[in-house]
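Nothing here was measured: the structure is a model prediction, and the numbers come from that model.
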Amino acid sequence: MDLSDGGSDDFGGTSNYQTLYTNYKYKGATNYSVTVENRSDYSLKVKVRTSLTTLASKTISPNSTATFSVKGISSTKKFYISFTGSYQNFSGSITGFEW
């Protein structure tokens with residue numbers, strides 16, 4: 001999914017102990033803002049990944065929201081987001097931006 005020109009995507013899911021992934025691979029910008037609301041009573045590990053590399057990771061505390069940036073990525077590089085935790089219940093969004 002192309003997130004150039006301020007494009008964005010919403011995501012969310014629920015799971016018991018299974019890693020979940022975004023439905024799309026993202027590209028199109030050099031910087032991204034990721035916001036995730038963890039509605040679970042357990043921590044949620046969020047990773048921004050290519051097929052070979054973790055570009056960023058964030059552990060989100062139970063019942064809280066976090067925003068973090070991923071900066072300096074080639075606009076042609078495709079990546080996805082994974083979500084790992086016990087009894088997951090989350091939603092969020094990603095937005096591409098340029099400086």
Side-chain angles (χ1 to χ4, degrees):
M1 173 178 275
D2 191 334
L3 298 182
S4 59
D5 297 324
S8 65
D9 185 41
D10 296 326
F11 50 76
T14 58
S15 175
N16 294 333
Y17 295 99
Q18 295 177 328
T19 300
L20 296 179
Y21 303 90
T22 50
N23 290 331
Y24 302 101
K25 287 187 176 179
Y26 303 110
K27 66 172 186 149
T30 56
N31 304 291
Y32 300 87
S33 177
V34 180
T35 300
V36 179
E37 178 185 4
N38 180 8
R39 296 187 299 262
S40 169
D41 292 332
Y42 301 88
S43 294
L44 179 68
K45 182 77 166 187
V46 180
K47 291 184 180 179
V48 178
R49 294 188 46 86
T50 67
S51 57
L52 299 174
T53 308
T54 298
L55 303 171
S57 65
K58 179 81 171 175
T59 300
I60 302 175
S61 300
N63 298 301
S64 65
T65 300
T67 299
F68 62 98
S69 294
V70 184
K71 298 179 182 176
I73 299 174
S74 167
S75 63
T76 60
K77 184 174 293 223
K78 294 180 180 179
F79 64 90
Y80 61 93
I81 306 174
S82 68
F83 307 90
T84 307
S86 307
Y87 303 106
Q88 301 174 53
N89 182 1
F90 65 89
S91 63
S93 64
I94 181 170
T95 302
F97 64 93
E98 303 295 331
W99 287 106

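- With no hydrogens or angles considered, no side-chain donor-acceptor pair links Asp9 and Tyr24 at under 3.5 Å.
- Atom NZ of residue Lys77 and atom OG of residue Ser75 lie 11.0 Å apart, to the nearest 0.5 angstrom.
- The shortest heavy-atom contact between Gly96 and Ala29 is CA-CB, 3.8 Å.
- Residues passing the side chain to side chain contact (heavy atoms under 4.5 Å, CB included) test with Ser4, sequence neighbours excluded: Asp2.
- Between Phe90 and Phe83, the ring-plane angle classifies as parallel under the 30° and 60° cut-offs.
- In the hydrophobic clustering of ILVMFWY residues, with side-chain heavy atoms under 4.5 Å counting as a link, Leu20 and Phe79 come out together.
- Checked by atom type and distance alone, the side chain of Asn31 pairs as donor or acceptor with a backbone atom of Gly72 at under 3.5 Å.
- Thr95 and Gly6 make their closest contact through CG2-O, 3.8 Å (heavy atoms, listed as atom of the first residue, atom of the second, distance).
- Scanning for side chain to side chain contact (heavy atoms under 4.5 Å, CB included) contacts around Tyr21 gives Thr19, Tyr80, Ser82, with sequence neighbours left out.
- Atom NZ of residue Lys27 and atom OH of residue Tyr32 lie 9.0 Å apart, to the nearest 0.5 angstrom.
- Separation of atoms CG (Leu44) and NZ (Lys58) is listed at 12.0 Å; rounding is to 0.5 Å.
- Under the rule for a salt bridge (Lys or Arg N to Asp or Glu O under 4.0 Å), Arg49 has no partner lying at least two apart in sequence or in another chain.
- Note that the OG atom of Ser15 and the OH atom of Tyr87 stand 10.5 Å from one another [nearest 0.5 Å].
- Closest heavy-atom contact between Thr65 and Thr35: CG2-CG2, 3.8 Å.
- Across Met1 and Ser8, no two heavy atoms sit closer than the pair SD-O, 4.2 Å.
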